[in-house]
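Single-structure report; data block below.
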4 protein chains.
Amino acid sequence: MLNIDPRSSKPIYEQIVDEIKANIVKGILKPGEKLPSVRELSKIITVNPNTVSKAYSELERQKVIDTVSGRGTFVSANYKPRDDDDRLNKIKSSIKDAIIEAYYIGLGKEDIIHIVDEAYKAMKGE
Amino acid sequence: MLNIDPRSSKPIYEQIVDEIKANIVKGILKPGEKLPSVRELSKIITVNPNTVSKAYSELERQKVIDTVSGRGTFVSANYKPRDDDDRLNKIKSSIKDAIIEAYYIGLGKEDIIHIVDEAYKAMKGE
Amino acid sequence: MLNIDPRSSKPIYEQIVDEIKANIVKGILKPGEKLPSVRELSKIITVNPNTVSKAYSELERQKVIDTVSGRGTFVSANYKPRDDDDRLNKIKSSIKDAIIEAYYIGLGKEDIIHIVDEAYKAMKGE
Amino acid sequence: MLNIDPRSSKPIYEQIVDEIKANIVKGILKPGEKLPSVRELSKIITVNPNTVSKAYSELERQKVIDTVSGRGTFVSANYKPRDDDDRLNKIKSSIKDAIIEAYYIGLGKEDIIHIVDEAYKAMKGE
DNA sequence: GTGGTCTAGACCACA
DNA sequence: GTGGTCTAGACCACG
């Protein structure tokens, strides 16, 4: 379910955060749905429980999931997107970086648009 | 000239690498042009010379600049983009992450395309 | 295990890189095997940790080893040779230089072939 | 005549030394033949005279050329190859390194032999 | 515990 | 003057 690469330079806990958010966006995880417990998930993806715990804390901080003590963790039912300049700037900055990097392997604007297209298709298709 | 934020989580040497590549793409730095020496740049952006050196080494490895021993470093005159699956995958992955993140602040595909547009305009405009 | 000569003109970090690659080729280090940690190796060969770190970074860049954050570094399990014109040219050039140099101590083609033979035997023999 | 690449990581003076030795081996420069003066050569290959001077000193040290004060420098007439363990070991070591490196771009023994062949042909052909 | 980054300061070869 | 290497010692994130 979660695609984790322990050899990546991206920290594992961050990969978990991103994968869960991706699954929610894709509709694989639905609002209100229960997530596996820290222990369960750590076994499934063979990762240190502390790492999963850190990922869940981060997701909770971002209000993507809710933890009900003694009951478990759930995908937030009432997530409301709101303006967040910090995050918007990070997104812009990472897209800018990607564009520069693309230039250096010979890709132009059309290629970037195409990659964006593909990414959206993958989100709906899966 | 270079916009360095020492508090960013992105390593300083990487910021230097990215900024220089951005300046080349924008045409602010031209092929064959001499870059500031390691010691000069380290003074300008108040960073340790080793950090600048690390950035320059990385740029040299990527064939973005040439270092001529004893003479200095220069923007590569004959940069040829090559296929590089690893870098392409990194670009795709970072765009995918940006799209997910965008969803969480309420942005959709059109907004992403708009951001890409803006980024390209900024590159040519500056 | 690693044969390092601090008085050599070849940089120490490069010696470490070459020795480790040689040990992998010889089969002394096997795919997936854990390498000594940066601090360990630095003590073993009495060299500054930064120097070992630089060597490991270079090996990682060449995809010879994988570093798993917080866990250590490992011999790459799935190394796939790829075409690399730059490296091929370096090899050709260093062989050409060796041949010229050999001429000056009275060695001809047969002697070079013999040296190549010996080198291959040493690789398998050890 | 001399093929110098100022962007190479190999020092320029060393490139000059190697190129001159290569030309002697190839027969382009014959024993007893006069070499260009330091000033002349430095103009021809657009290099600092000090650099050429350093190259000539090194060649003289290796008894490849002779300097007759006031008359110029000449290719040694009576070069006698002799055993030189130091240089032999360097040659062996650099061939060993080349073989390891070759392994990592997927080349085997036959390929190396082929490269040696080519190098010898190039020496006679030019 | 692991590796990654950064600073400070030194020495060296090269041009 | 230039960049390259190395040491010593520090701090940090990750697991």
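Reminder, nothing fancy here: chain letters follow the sequence lines and each chain counts from 1.
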Set of residues satisfying ring-ring contact (aromatic ring centres under 6.0 Å, His included) with respect to A:Y104, sequence neighbours excluded: B:Y79

Under 3.5 Å donor-acceptor, D:E19 side chain and D:L2 backbone: no

Would you please name every residue forming a side chain to side chain donor-acceptor pair (under 3.5 Å) with B:K21, sequence neighbours left out? A:E101, B:Q62

Side-chain N or O of A:Y13 closer than 4.0 Å to phosphate OP1/OP2 of F:dG15: no

Taking DNA chain F as the partner, which of residues 30-41 of chain C come within under 4.0 angstrom of it by heavy atom? none

Residues of residues 47-63 of chain C with a heavy atom under 4.0 Å from any atom of DNA chain F, listed by number, are C:V47, C:N48, C:N50, C:T51, C:K54

Please give me the minimum heavy-atom distance between D:A119 and C:I99, naming the atom from each residue. CB-CD1, 3.6 Å

If I take atom CD1 in residue C:I45 and atom C1' in nucleotide F:dT7, what distance separates them, rounded to the nearest angstrom? 14 Å

Atom CD of A:E14 and atom P of E:dG4: how far apart are they, to the nearest Å? 16 Å

For residues 6-16 of chain D, the side-chain hydrogen bond (donor to acceptor under 3.5 Å, both in side chains) pairs (sequence neighbours left out) are C:D97-D:K10, D:K10-D:D18

Please state how far atom CG in D:D5 lies from atom C1' in E:dA15, giving the value in whole angstrom units. 15 Å

Measure the distance from CZ on B:R7 to C1' on F:dA13 and round it to the nearest whole Å. 19 Å

Would you write the dot-bracket representation of DNA chain E, where each base gets (, ), [, ], | or . depending on whether it forms a Watson-Crick or G-U pair under 3.5 Å and with which partner? ||||||||||||||.

Who are the side chain to side chain donor-acceptor pair (under 3.5 Å) partners of C:D86, not counting sequence neighbours? B:K63, B:R82

Reading DNA chain E from 5' onward, which residue's closest nucleotide shows up sooner: D:K10 or B:P11? B:P11

Just jot down the ring-ring contact (aromatic ring centres under 6.0 Å, His included) partners of B:F74, sequence neighbours excluded, or say none. none

Can you check the D:I16 CD1 to E:dA13 C1' distance for me, whole Å? 15 Å

Could I get the full list of ring-ring contact (aromatic ring centres under 6.0 Å, His included) partners for D:Y56, not counting sequence neighbours? none

Considering only residues two or more places apart or on different chains, which pairs with a residue in residues 40-59 of chain C satisfy salt bridge (Lys or Arg N to Asp or Glu O under 4.0 Å)? C:E58-C:R61

I need the CD1-P distance between C:I12 and F:dT5, as an integer number of Å. 11 Å

Contacts of type salt bridge (charged side-chain N to carboxylate O under 4.0 Å, His left out), residue A:R39, not counting sequence neighbours: none

Could you list the donor-acceptor pairs under 3.5 angstrom formed by side chains in residues 65-72 of chain A, with sequence neighbours left out?
unit_1, atom_1, unit_2, atom_2, d
A:D66, OD2, A:S76, OG, 3.3
A:T67, OG1, A:E60, OE1, 3.3
A:T67, OG1, A:E60, OE2, 3.4

